[in-house]
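Before any comments, here is the structure.
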2 protein chains.
Amino acid sequence: MGSNPKTGSTTITDAPAADTPKADGRQRIVDEAAALFLEQGYAATTLRQLADVVGMKAGSLYYHFSSKDELLTEILQRGIEIMQQAFDTASAPGPKAASGPKQIEAHVRAHLAALFENGPYTATHVTTFRTAPPSVRTAIVPVRDAYEARWTALLDNLKTEKAIRADVDTGLARLILFGAMNSSIEWFDAERGNLDHFATQLTQQFWSGVSA
Amino acid sequence: MGSNPKTGSTTITDAPAADTPKADGRQRIVDEAAALFLEQGYAATTLRQLADVVGMKAGSLYYHFSSKDELLTEILQRGIEIMQQAFDTASAPGPKAASGPKQIEAHVRAHLAALFENGPYTATHVTTFRTAPPSVRTAIVPVRDAYEARWTALLDNLKTEKAIRADVDTGLARLILFGAMNSSIEWFDAERGNLDHFATQLTQQFWSGVSA
DNA sequence: GTCTATACCACGATAGAC
DNA sequence: GTCTATCGTGGTATAGAC
């Protein structure tokens, strides 16, 4: 695993990094499908288009997958798994216990890494889940809940330790933080932007606000 | 216009409220289309389905619109107009000048009202813009920029007045705030939730963070 | 494991009657 | 202003050769 010296967070390398040479076979198909779904949306992406990008004919895709929905389900699932692994890695205790904001920052960094540094799966999950076909959505819900529970526990702990104010609704705070992080898909340029800096700024603002 | 005693923000009533009896004719079509696009996405919504909901045959829609894209363009445009009007109404000076956080709160309340209290246009804009057909997107970009500029000016002013810290990147702060507000589409229930309370909490967290 | 060929259907859009 | 009827296209998915 590629470890990041600045934040101590890690990159999950059994997921393709953004600059990894393209995989082949089945994995290649899923990679390209996720990228297309992210860019155009699920419904707007056709299997002929996917086959084109991968370099095969549309019918051949069905050797690997039994339906377009199955392909989406696999991508959404993988998207959450990547987030979860990133979260758990960021939770691994270092030599000394980190302070409240440092804990948050590590997990924010991990979440952003899942969005931008481990292939399009997580970003595709975030952007396509809401309008995914109902059957696909229900299959994914439990895994989502498990991830959200990790964050809720983290924030609740900090509140119990009185690092977070008593009047803060941690459930709402989590939703606000998720919204701030996930919406960066719409504007953050992974090629040009500095993810560590972004994670620091975002955490700082979540923790202390903007007021003088 | 329906004025809100608590925040002083107003509801734009030439847009249909959520509980307004359904309009008829052309307006009805646009209303239902926006609702369907919001729920299912643009590409996944078919004109036959829209015609069904409206109570006519698919071909008849073309008396009112020349293409599906035109319908979307009109909805996205209207979505921004509603946001802009809400913003400007919230900017109208009261008897006494409001403090920094109160100014923010008034505009947050206005933005949320546009998302949840003035029909599905604004919410549809937020959810479908990113994956809209390129020709539709480029037609809308200038109007979006104008709205974003209003927020940038608001935050920059507060920074100049030293109500916002000097080290805050107002451009980033705006993106974070937008992300937090807009993502509430995914979870806020307009029927059950209290929008004033939500606006207060969100502003409080944006302004002061969560730290003890 | 990928190909060709194609079935079957629903899509957006048009034409002309009423 | 809405209907019926239909056109042309392109969608997902399947069958069988290679």
Side-chain angles (χ1 to χ4, degrees), chain A residues 16 21-77 124 128 131-139, chain B residues 16 21-77 124 128-129 131-140:
Chain A
K22 295 174 172 86
D24 60 341
R26 177 190 163 102
Q27 187 58 49
R28 174 78 193 287
I29 299 172
V30 193
D31 286 356
E32 298 288 3
L36 287 171
F37 293 170
L38 174 60
E39 200 181 299
Q40 307 177 325
Y42 174 65
T45 301
T46 73
L47 294 178
R48 296 194 218 269
Q49 190 182 11
L50 172 59
D52 243 39
V53 170
V54 169
M56 55 171 69
K57 298 296 176 181
S60 307
L61 294 169
Y62 284 84
Y63 174 80
H64 301 282
F65 303 94
S66 65
S67 74
K68 195 187 175 190
D69 275 14
E70 187 190 293
L71 189 48
L72 178 61
T73 306
E74 185 166 325
I75 288 166
L76 295 185
Q77 195 100 33
T124 302
T128 68
T131 53
S135 67
V136 174
R137 256 198 343 254
T138 54
Chain B
K22 294 172 173 85
D24 60 342
R26 179 189 160 103
Q27 187 57 49
R28 173 80 194 286
I29 299 173
V30 192
D31 286 357
E32 298 288 3
L36 287 171
F37 294 169
L38 174 61
E39 199 181 300
Q40 306 177 325
Y42 174 66
T45 301
T46 73
L47 294 179
R48 296 190 213 273
Q49 190 181 11
L50 171 58
D52 243 37
V53 170
V54 169
M56 53 172 70
K57 298 296 176 182
S60 308
L61 294 170
Y62 285 84
Y63 175 81
H64 301 281
F65 303 94
S66 65
S67 73
K68 195 187 176 190
D69 276 13
E70 187 190 293
L71 191 48
L72 178 61
T73 305
E74 185 167 325
I75 288 166
L76 295 186
Q77 196 100 33
T124 302
T128 69
F129 177 81
T131 54
S135 66
V136 174
R137 257 201 338 259
T138 53
I140 298 292

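Every chain is numbered from 1 and lettered A, B, ... according to where its sequence line falls, protein lines coming before strand lines. Given the structure is predicted, the values throughout are model-derived calculations rather than measurements.
- Rounding to whole angstrom units, OH of residue A/Y63 and P of D/dA13 are separated by 19 Å.
- Spacing between atom CZ of B/F65 and atom P of D/dG1 amounts to 12 Å, rounded to whole angstrom units.
- The interatomic distance linking A/L72 (CG) with D/dT12 (P) rounds to 13 Å, in whole Å.
- Look at CG on A/D52: it is 11 Å from P on D/dG11, rounded to the nearest Å.
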Nucleotide-resolved protein contact map, nucleotides 13-18 of chain C, B/S/- at heavy-atom distance under 4.0 Å: BB----
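- The side-chain heavy atoms of A/Y42 and A/D69, taken from C-beta on, include a pair separated by under 4.5 Å.
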List the steps and the verdict of side chain to side chain contact (heavy atoms under 4.5 Å, CB included) for A/H64 and A/E70. CA-CA 10 Å; A/H64 301 282; A/E70 187 190 293; over 6 Å; no
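- Distance A/Y42 OH to D/dG11 C1': 12 Å, rounded to the nearest Å.
- In this structure, A/L50 places its CG atom 14 Å from C1' of D/dG11, rounding to the nearest Å.
- Taking five base pairs at each end of the helix from C/dG1-D/dC18 to C/dC18-D/dG1, the local helix axes there meet at an angle of 10°, rounded to 10°.
- Contact check, B/T46 against C/dC11: a side-chain N or O comes under 4.0 Å of OP1 or OP2.
- Side chains of A/R26 and A/Y63 form no contact here, defined as non-hydrogen atoms less than 4.5 Å apart.
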Take A/R48 and A/K57 through the test side chain to side chain contact (heavy atoms under 4.5 Å, CB included) and record every step on the way to the result. CA-CA 7 Å; A/R48 296 194 218 269; A/K57 298 296 176 181; over 6 Å; no
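- Checked by atom type, the side-chain pair A/Q40/B/T131 shows no donor-acceptor distance below 3.5 Å.
- Considering only heavy atoms from C-beta on, A/M56 comes within 4.5 Å of A/L61 through its side chain.
- For the pair B/Q49 and B/T45, the minimum side-chain heavy-atom distance is below 4.5 Å.
- For B/K57, taking side-chain heavy atoms from C-beta onward, the closest of the listed nucleotides C/dT4, D/dT4, C/dT2 is D/dT4.
- Whole-Å rounding puts the A/R28 CZ to C/dT2 P distance at 11 Å.
- Looking at B/L72 and B/P133, their side chains come closer than 4.5 Å, going by heavy atoms from C-beta outward.
- Counting heavy atoms from C-beta outward, B/L71 and B/L50 have side chains that approach closer than 4.5 Å.
- A straight line from NE2 of A/H64 to C1' of C/dT2 spans 8 Å, rounded to a whole angstrom.
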